[in-house]
Amino acid sequence: MIVSALLTSVGINLGLCVLLFALYSILRKQPGNIEVYVPRLVVEGKAQRTREFNLEDLLPNPGWLKKAWQTSEDELLASCGLDAVVFIRIFIFSLKVFSVAAGLGMFILLPINYFGDQLREIDFTDLQNKSLDLFNISNVKDGSNWLWAHFSAAYVITGVVCYLLYSEYKYISLKRLEQFYASKPLPQQYTVVVTGIPSHSGCSLSDTIESFFMEYHPSTYLSHVVVHRTNKLRGLIRDAENIYKRLTRLRSRPYNPASSERDCFFGLFGKSKDLVQDYTKRLEDLEENVRQQQSSFSTTVEEVSAAFVCFKSRYGASTALRIQQSENPTEWVTEQAPEPHDVYWPLFSSSFIRRWISKLLVIVASITLTVLFLLPVAFVQGLTNLDQLETLLPFLKNILEISVVSQVITGYLPSLILQIFFSIVPPIMKIFSTMQGNISLSGIEKSACSKVLWFTIWNAFFAIVLTGSVTSQLQIFFEPKDIPWRLAVGVPTQASFYIAYVVTSWTSLSKELTRVIALLGDWIGGCSGCFYDELQAPSMTYHSEIPRILLFLLLGLIYFLLSPLILPFILIFFCIGYIIYRNQLLNVYLPKYETGGQFWPIVHNSTIFSLVLMQAMAFGIFSLKKLPLASSLLLPLPVVTLLFHGYCRKRFEPVFQTFSAETLIKKDRSDQNDPGMNEFFDKLKTAYNDPSLVPKDRSQYADDQNTPLLIDFFFFVKKDWLMMKFDLELISASFYLNFCGLFLFWKALGFFLEFLDIAFSLFLRNFYGGKMQENYPK
């Protein structure tokens, strides 16, 4: 890639970022979009739709930037939890690291790389047509003493990263302890999940559990709740809720309260029937079926050899959690209980063998997906090399000779395509994690986060850097001694691609603000009359966002020595992400669970891996640059880094797994004189009851509205007329803003189709060997 192509990509993405920021600042002020851009505040009752319209609402306003920036960490912790604080601390940590790295790279390493004459002579007059390889370490002469600056920078950045990692690990672990001491008694602190419970003839599962814990934990055992298979019952409840929502929408129609349709051939033929009466009858039948299933669940619902066991103290629960309960390690297996609303009931795994087999199958499926994903990666690699693209598609030769087209293809299109393909990976990995038998939503999220992280590192880095067939890529693991040299040869050649990839990510990050999909869904739902569904604020998808951030952390550390030109672009990425996600956490995302910052060990381990990989690559670079002394002096660096990692794991990681006896006993003693503990223990006995076994009658509410009274009719008419009048007042602004994005997309699609038309015509011209005349639409 040449400098002008990079500038083209920077210009496109910077313009799109400014446009998206301005569009967001306008859309968020429109009353009709309040449920899209501040759904959390709406659910919490802190915001509601207003009917006032001001012309100022059509002008961009940076007020939201100020609010997101000024919100303190304590306020963020109080409203969003420790997981959100940890997520923002990743950005703070990255900004600190790359502020130092950008200073060293741009003012020391970059001039040394550019003024080297390994590749060509220096010529400032034609800088825009220079290759970005001139800014790489490849341009420094072999054996040059200037390479000692890179050697020193490797030691400096290692020291900075390790110091900041230690500081952040210590800070977050202290925050975790502070949160625990400040918390009220919570059910998950007194409860463990027991699986692999052996069955005894002539004795029920509940009696077996009570007998075992009364014998071995007599002073701390409180109660237990046996887990049941309620998939069928859960399906009935889901069907009842869907019908209830349909019935509610039908009753909310002002001009047609007695909606009807025909009962044959998709409602086109047959006898007419009243949908309200039909749905009411179906809802009553489902509710009756659910009540029967719930009343006789002890005989009709199958028990699972698993249970939630509650204890009288936190220390008692922790003792049962840490100690092996049986001589057979596959029986009476204990694990920490999640929050009651965090339990994932549909796939509650009870068997140790079943869970082990599920993990094995998921590993095989993940590897298969990783191998299949090499196909789009190879396609993206072809786009970065115009010579290969012309060889593969010779009819595009004339088009690729146009400077603007070639710059867009090499500087913007490959990274955009790669990001589109990567967007489908997190949902798949979350499905894989669900299949493993995780019993909590947070456990599924953490498992998916690890899978997406290593999938991203392999396919977004190793698969691109280690060019060649799949066999040659996997061969690197059978020849680990060649890893530094393979990296030293392959990594510098892809510097241009990754710079463009980082720049393109500015736009993908800014799209988080506009929430285009949610906006279109809200608008389409409004047009179809679906106003009356209960609003639910989304939760933060940590399993997709954390791996993306850690990928850029890896790229920044890897290319710190090789191509420092990438550092300012990565720094801008983290600055944009810091502001955007603080705003989204405060206004959009509502936490559904709290892990207490357990995502940070994943961040720490990934950063150590990136640091060691950078050191191994530096070893190979200095060897290729014929500076063996520097390579030898680098050998202690990964050893010291791994020793530091081992110390941090011993020092801080146990705090993220369980709390110490000192901490638990202190907390138990502080709660002994609390008069509300007896009431808490009474609630604890039923805290982990399956929600599907709790009666919930919706048909009674439906019967109250079974007769369409005249007053109800006029109420809905007046209500919808006011809403219609209010929307008409904003039609000139809201419709224009909502269709603006669609219009731009349509125009871009038109240009793309025109481009394909030209390409196909040139292909026909080359194929037939003659000249063709085409009339292209204006």
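These figures come from a predicted structure and were not determined experimentally.
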Chemist: Verify the neighbour count for atom CD1 of I517: are there more than 12 heavy atoms of other residues, nucleotides or ligands below 6.0 Å?
Modeler: no
Chemist: Should we count CZ of R669 as having more than 12 external heavy atoms under 6.0 Å?
Modeler: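 Not buried by this count: 12 neighbours or fewer within 6.0 Å.
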Chemist: Kindly determine whether K451 and S447 satisfy side-chain hydrogen bond (donor to acceptor under 3.5 Å, both in side chains), including the steps that lead there.
Modeler: CA-CA 6 Å; K451 292 181 178 63; S447 177; 2.6 Å; yes
Chemist: For W332 versus I209, what's the shortest heavy-atom pair and its separation?
Modeler: CH2-CA, 4.0 Å
Chemist: Looking only at the aromatic ring of each residue, does the gap between the centers of W458 and F609 stay below 6.0 angstrom?
Modeler: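 So the answer is no for these two rings.
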Chemist: Between S211 (side chain only) and D207 (backbone N and O only), is there a donor and an acceptor less than 3.5 Å apart?
Modeler: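 Not at all, since once roles are kept as given, no pair shorter than 3.5 Å links the two residues.
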Chemist: Going from OG on S440 to CD on Q188, what distance comes out if it is rounded to the nearest 0.5 angstrom?
Modeler: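 If I round to the nearest 0.5 Å, the distance is 11.0 Å.
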Chemist: Please report the closest heavy-atom contact between P185 and D671, naming both atoms and the distance.
Modeler: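 That closest heavy-atom pairing would be CG-OD2, 3.9 Å.
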Chemist: Under 3.5 Å, is there a donor-acceptor pair between the side chain of T456 and the main chain of V452?
Modeler: yes
Chemist: Do other residues, nucleotides or ligands put more than 12 heavy atoms under 6.0 Å from the OH atom of Y315?
Modeler: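 Open.
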Chemist: Does R40 reach the main-chain N or O of L585 with its side chain, forming a donor-acceptor pair under 3.5 Å?
Modeler: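 Yes: the side chain of R40 pairs with the backbone of L585.
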Chemist: What do the steps show when you test T319 against T220 for side-chain contact (heavy atoms from CB on, under 4.5 Å), and what is the final call?
Modeler: CA-CA 10 Å; T319 302; T220 57; over 6 Å; no
Chemist: Look up atom OG1 in T595 and atom CG in L441, then write down how far apart they are to the nearest 0.5 Å.
Modeler: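 Separation between the atoms: 12.5 Å.
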Chemist: If only atom types and distance count, is the side chain of Q584 paired as donor or acceptor with the main-chain N or O of R582 below 3.5 Å?
Modeler: no
Chemist: Just by distance, no angles: are the side chains of T663 and K667 close enough, under 3.5 Å, to form a donor-acceptor pair?
Modeler: no
Chemist: Hey, are the side chains of F93 and L553 touching, using non-hydrogen atoms and a 4.5 Å cut-off?
Modeler: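 Yes, side chains in contact.
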Chemist: Under a 4.5 Å cut-off applied to non-hydrogen side-chain atoms, are R515 and P39 in contact?
Modeler: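 Side-chain contact under 4.5 Å: yes.
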Chemist: Would V193 and Y688 satisfy side-chain contact (heavy atoms from CB on, under 4.5 Å), going step by step from the backbone distance to the final call?
Modeler: CA-CA 10 Å; V193 179; Y688 287 94; over 6 Å; no
Chemist: Are the side chains of S206 and H224 in touch, meaning some heavy atoms are under 4.5 Å apart?
Modeler: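 In contact.
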Chemist: Taking the side chain as everything from C-beta on, heavy atoms only, tell me whether R89 gets closer than 4.5 Å to Y171.
Modeler: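 R89 reaches Y171 side chain to side chain.
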Chemist: What about F213 and H217, are their ring centers closer than 6.0 Å?
Modeler: yes
Chemist: So, do F87 and Y542 have ring centers that fall under 6.0 Å from each other?
Modeler: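 Centroid separation for F87 and Y542: below 6.0 Å.
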Chemist: Indicate the atoms forming the closest heavy-atom contact of V304 with V226, along with that distance.
Modeler: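 Here V304 and V226 meet closest at O-CG1, 4.0 Å.
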Chemist: Looking only at heavy atoms, what is the nearest atom pair of R322 and A661, with distance?
Modeler: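 Result for this residue pair: NH2-N, 4.5 Å.
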Chemist: Please indicate whether Y216 has more than 12 foreign heavy atoms, meaning atoms of other residues, nucleotides or ligands, lying under 6.0 Å from its OH.
Modeler: no
Chemist: Looking at R548 and E545, is there a salt bridge between them, counting it only when a charged N and a carboxylate O are closer than 4.0 Å?
Modeler: yes
Chemist: Under the 3.5 angstrom rule, does the side chain of R176 hit a backbone N or O of G596 as a donor-acceptor pair?
Modeler: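 At least one qualifying donor-acceptor pair exists.
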Chemist: For the residue pair L684 and S223, establish whether any side-chain heavy-atom pair is separated by less than 4.5 Å.
Modeler: no
Chemist: Looking only at atom types and distance, does a side-chain atom of H341 sit under 3.5 Å from a main-chain N or O of K592, one as donor and one as acceptor?
Modeler: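 Side chain of H341 to backbone of K592: a pair is present.
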Chemist: Is it the case that the ring center of F656 lies less than 6.0 angstrom away from the ring center of Y169?
Modeler: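 Y169 vs F656: aromatic centres under 6.0 Å.
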Chemist: Would a 4.5 Å heavy-atom cut-off, applied to side chains only, mark L611 and C162 as touching?
Modeler: yes
Chemist: With side chains defined as the heavy atoms from C-beta onward, is the minimum distance between V364 and I367 less than 4.5 Å?
Modeler: no
Chemist: Give, for atom CD1 of I602 and atom NE2 of H543, the distance between the pair rounded to the nearest 0.5 Å.
Modeler: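 Answer rounded to 0.5 Å: 12.0 Å.
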Chemist: With R314 as the cation and F659 as the aromatic partner, state whether NZ or CZ is under 6.0 Å from the six-membered ring centre and within 45° of the axis.
Modeler: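 Ring-cation test returns no.
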Chemist: Which pair of non-hydrogen atoms, one from I439 and one from P338, has the smallest distance, and what is that distance?
Modeler: CD1-CD, 4.1 Å
Chemist: Could you tell me the separation between the OG1 atom of T208 and the CZ atom of F212, rounded to the nearest 0.5 Å?
Modeler: 11.0 Å
Chemist: For the OG1 atom of T334 and the CG atom of L321, what is their distance to the nearest 0.5 Å?
Modeler: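 Reported value, rounded in 0.5 Å steps: 5.0 Å.
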Chemist: Within the side chain of E594, is there an N or O that forms a donor-acceptor pair under 3.5 Å with the backbone of D83?
Modeler: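 Looks like yes, one N/O pair under 3.5 Å.
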Chemist: Under 3.5 Å, is there a donor-acceptor pair linking the side chains of S326 and N328?
Modeler: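 No pair is found: no donor N or O on one side chain lies under 3.5 Å from an acceptor on the other.
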Chemist: Between atom CD1 of I237 and atom OG of S692, what is the distance when rounded to the nearest 0.5 Å?
Modeler: 5.0 Å
Chemist: As a quick check of understanding, evaluate side-chain contact (heavy atoms from CB on, under 4.5 Å) for S366 and M429, giving each step before the final call.
Modeler: CA-CA 8 Å; S366 301; M429 290 302 181; 4.2 Å; yes
Chemist: Distance alone, cut at 3.5 Å: any donor-acceptor contact between the side chains of T686 and N689?
Modeler: no
Chemist: Determine yes or no for a side-chain-to-main-chain donor-acceptor pair under 3.5 angstrom, with S183 supplying the side chain and F180 the backbone.
Modeler: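 Present.
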Chemist: Verify the ring-centre separation between F681 and Y190: is it less than 6.0 angstrom?
Modeler: yes
Chemist: Are Y344 and N438 close enough, and set up right, to give a side-chain contact (heavy atoms from CB on, under 4.5 Å), and what steps lead you there?
Modeler: CA-CA 8 Å; Y344 186 70; N438 290 292; over 6 Å; no
Chemist: Assert yes or no for the condition that the ring centre distance of F373 to F422 is strictly below 6.0 Å.
Modeler: yes
Chemist: When you compare the side chain of T641 with that of I608, does any pair of heavy atoms fall below 4.5 Å?
Modeler: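 Side chain of I608 against side chain of T641, heavy atoms only: contact under 4.5 Å found.
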Chemist: Check L205 against S305 and note the closest heavy-atom contact, atom names and distance.
Modeler: CD2-CA, 3.9 Å
